[in-house]
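All heavy atoms count here, side chains included; hydrogens, waters and symmetry mates do not. From a predicted model like this one, the values you see are computed outputs, not experimental measurements.
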Amino acid sequence: MAVTFVTRPARVAAAPARAPRRRRGPRSWVRGGGLSTLVFLLPLLVVFGVFSWGPIIQSVIMSVQRTNLVTAARFVGLDNFAAVLADPLLWTAVRNTLWFALLALLIGYPVPLVVAVLIAEVRARRGLFAALAYLPVVVPPVVAVLLWKFFFDAGPNGVFNTILGAVGVGPLRWLQDADSAMPSLVLEATWAAAGGTMIIYLAALAAVPPQLYEAAEIDGASVWRKVWHVTLPNLRNVLLVTFILQVIGTAQVFLEPFLFTGGGPAHATTTVLLLIYDYAFADSLGGDYGKATALSLMLAAVLAVFSAVYFRLTRSWSTS
């Protein structure tokens, strides 16, 4: 006699019904610590709002006014922006700023990386070399400019001209020549700022797994190949950030042209930020703060757009 077995489909346990999400009311928010958190953050929010967003909002207001902070302000709409765009000195300042940024990227961007790699390869007294490379950052900027202004003396007895004269070169006019003035400013700016970026690169190099370098050495890779195939790929994200920071910093260069040359000779070192300063403070009776803030907002908008486009274009590369 054949026996047949009837199999019943197993019951699938029903998923428990999700409880409806209850909306938090003010009382539950207070009980959850929201009020104490807000009280703790309130001083920070007030300070940040007053000293950060306050000046930004005031700048937006002043950009549509004609004011010298002495007489009563008068609303002029977009006239300040039109006046800035019609100023022929603006395009000279933009060209000089772009020239400074390009020279700074060609000279100042690779220097900290090269110095960091060299220091990382040193086996003994690495801290001493790092401290010596960082030392220019400690020097006050005004003192550094005055020191280099002495070095840039155009006379035959100037420090740099004396060194060049020993090899049969010069004397050069340095800051007094329109063609060499901007490269001279870039040299000083690179010397003054390279140490800070170098420390960032050293910290990033310390995080690179040493097994990668050991494997490269086993394969017979040279120092250049180790840098190209191991160091640079592991520093990719740091290089992207330092690049955009350097572009933003060079676009706002002010101290060097202001203290070295005052924008000369023949406006060869007049930058956008120096032009903003001239709009606001060139007239001892009260400058045109409306034009100054208008140009400041234009510069901020250009840098914001550049940063957004840059991060958009490099997003896939930085996350790969």
Side-chain angles (χ1 to χ4, degrees), residues 84-85 87-115 136-137 139-156 158-165 167 169-198 242-282 292 295-296 298-300 302-303 306:
V84 170
L85 293 174
D87 187 357
L89 193 57
L90 170 66
W91 308 111
T92 301
V94 170
R95 184 173 62 251
N96 292 337
T97 303
L98 292 176
W99 178 228
F100 182 93
L102 178 61
L103 289 176
L105 289 176
L106 293 177
I107 300 174
Y109 186 68
V111 167
L113 179 60
V114 173
V115 174
V137 182
V139 179
V142 176
V143 176
V145 169
L146 295 177
L147 180 65
W148 277 72
K149 201 169 185 178
F150 173 74
F151 292 162
F152 282 137
D153 187 356
V159 176
F160 289 155
N161 281 338
T162 301
I163 298 174
L164 294 177
V167 294
V169 180
L172 301 181
R173 299 183 61 191
W174 299 108
L175 301 173
Q176 298 179 8
D177 185 76
D179 294 329
S180 61
M182 191 64 79
S184 301
L185 301 188
V186 173
L187 288 177
E188 188 278 335
T190 301
W191 174 85
T197 309
M198 180 269 303
T242 54
F243 178 84
I244 190 64
L245 290 178
Q246 177 147 353
V247 171
I248 294 175
T250 53
Q252 302 179 76
V253 59
F254 170 77
L255 182 68
E256 285 79 10
F258 177 69
L259 293 180
F260 271 121
T261 61
H267 297 295
T269 57
T270 298
T271 59
V272 174
L273 226 64
L274 188 59
L275 184 60
I276 294 173
Y277 175 86
D278 289 338
Y279 282 156
F281 303 106
L295 183 53
S296 300
M298 293 166 63
L299 176 62
V302 170
L303 292 178
F306 174 81

Novice: In a check of side-chain contact (heavy atoms from CB on, under 4.5 Å) between Pro257 and each of Leu185, Leu273, Asn96, which one passes?
Specialist: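 With Pro257 as partner, side-chain contact (heavy atoms from CB on, under 4.5 Å) holds for just one option, Leu185.
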Novice: Kindly indicate whether the side chain of Met298, heavy atoms from C-beta on, has any atom under 4.5 Å from the side chain of Leu85.
Specialist: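 Sidechains of Leu85 and Met298: in contact.
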Novice: List the residues meeting side-chain contact (heavy atoms from CB on, under 4.5 Å) with Val302, not counting sequence neighbours, and say none if there are none.
Specialist: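 Once residues adjacent in sequence are excluded, Val302 has no partner under the side-chain contact (heavy atoms from CB on, under 4.5 Å) criterion.
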Novice: For the residue pair Pro171 and Ala154, what are the closest heavy atoms and their distance?
Specialist: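 Scanning both residues completely, I find the closest heavy atoms to be CB-O, 4.2 Å.
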Novice: Would you please name every residue forming a side chain to side chain donor-acceptor pair (under 3.5 Å) with Thr242, sequence neighbours left out?
Specialist: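 By the side chain to side chain donor-acceptor pair (under 3.5 Å) rule, Thr242 matches Tyr201.
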Novice: According to side chain to side chain donor-acceptor pair (under 3.5 Å), who are the partners of Asp87, at least two apart in sequence or on a separate chain?
Specialist: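 Counting only residues at least two positions away or on another chain, Asp87 forms a side chain to side chain donor-acceptor pair (under 3.5 Å) with Tyr279.
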Novice: Tell me, please, which residues at least two apart from Trp174 pass side chain to side chain donor-acceptor pair (under 3.5 Å).
Specialist: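 Partners of Trp174 by the side chain to side chain donor-acceptor pair (under 3.5 Å) criterion, ordered by chain and then number, come out as Asn161.
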Novice: Give every residue pair that meets the side-chain hydrogen bond (donor to acceptor under 3.5 Å, both in side chains) criterion with at least one member in residues 182-195, sequence neighbours excluded.
Specialist: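 Pairs touching residues 182-195 that pass the test: none.
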Novice: Taking Val272's backbone N and O only, do any of them form a donor-acceptor pair with Thr97's side chain (distance below 3.5 Å, no angle check)?
Specialist: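 Here the side-chain-to-backbone pair exists.
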Novice: Applying ring pair (Phe, Tyr, Trp, His ring centres under 6.0 Å), can you list everything that pairs with Phe243, at least two apart in sequence or on another chain?
Specialist: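 Listed in chain order: Tyr109, Tyr310.
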Novice: Which atoms form the tightest heavy-atom contact between Pro265 and Leu175, and what is the distance?
Specialist: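 Minimum heavy-atom separation between Pro265 and Leu175: CD-O, 3.5 Å.
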Novice: Partners of Ala300 by side-chain contact (heavy atoms from CB on, under 4.5 Å), sequence neighbours excluded?
Specialist: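 Expected list: none.
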Novice: Taking ring pair (Phe, Tyr, Trp, His ring centres under 6.0 Å) as the test, write out the residues that go with Phe254, two or more places apart.
Specialist: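 So Phe254 forms a ring pair (Phe, Tyr, Trp, His ring centres under 6.0 Å) with Phe258, Tyr277.
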Novice: Quick one: list whatever passes side-chain contact (heavy atoms from CB on, under 4.5 Å) with Val167, sequence neighbours left out.
Specialist: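 With sequence neighbours excluded, Val167 shows a side-chain contact (heavy atoms from CB on, under 4.5 Å) to Val169, given in chain and number order.
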Novice: Any side-chain heavy atom of Leu89 within less than 4.5 Å of one from Thr92?
Specialist: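 With C-beta onward as the side chain, the pair touches.
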Novice: Hey, can you tell me if Phe151 and Phe160 have their rings parallel, tilted or perpendicular (30° and 60° cut-offs)?
Specialist: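 Tilted, since the angle between the ring planes falls between 30° and 60°.
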Novice: Could you work out, with side-chain contact (heavy atoms from CB on, under 4.5 Å) as the rule, every residue matching Leu303, not counting sequence neighbours?
Specialist: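 Partners of Leu303 under the side-chain contact (heavy atoms from CB on, under 4.5 Å) test: Ile248, Ala251, Gln252, Leu299.
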Novice: Taking side chain as C-beta onward, heavy atoms only, is Leu275 less than 4.5 Å from Leu90?
Specialist: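 They are in contact (side-chain heavy atoms under 4.5 Å apart), so the answer is yes.
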Novice: What side-chain hydrogen bond (donor to acceptor under 3.5 Å, both in side chains) pairs are there with at least one residue in residues 254-274, not counting sequence neighbours?
Specialist: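 Those involving residues 254-274 are Thr261-Thr269, His267-Thr270.
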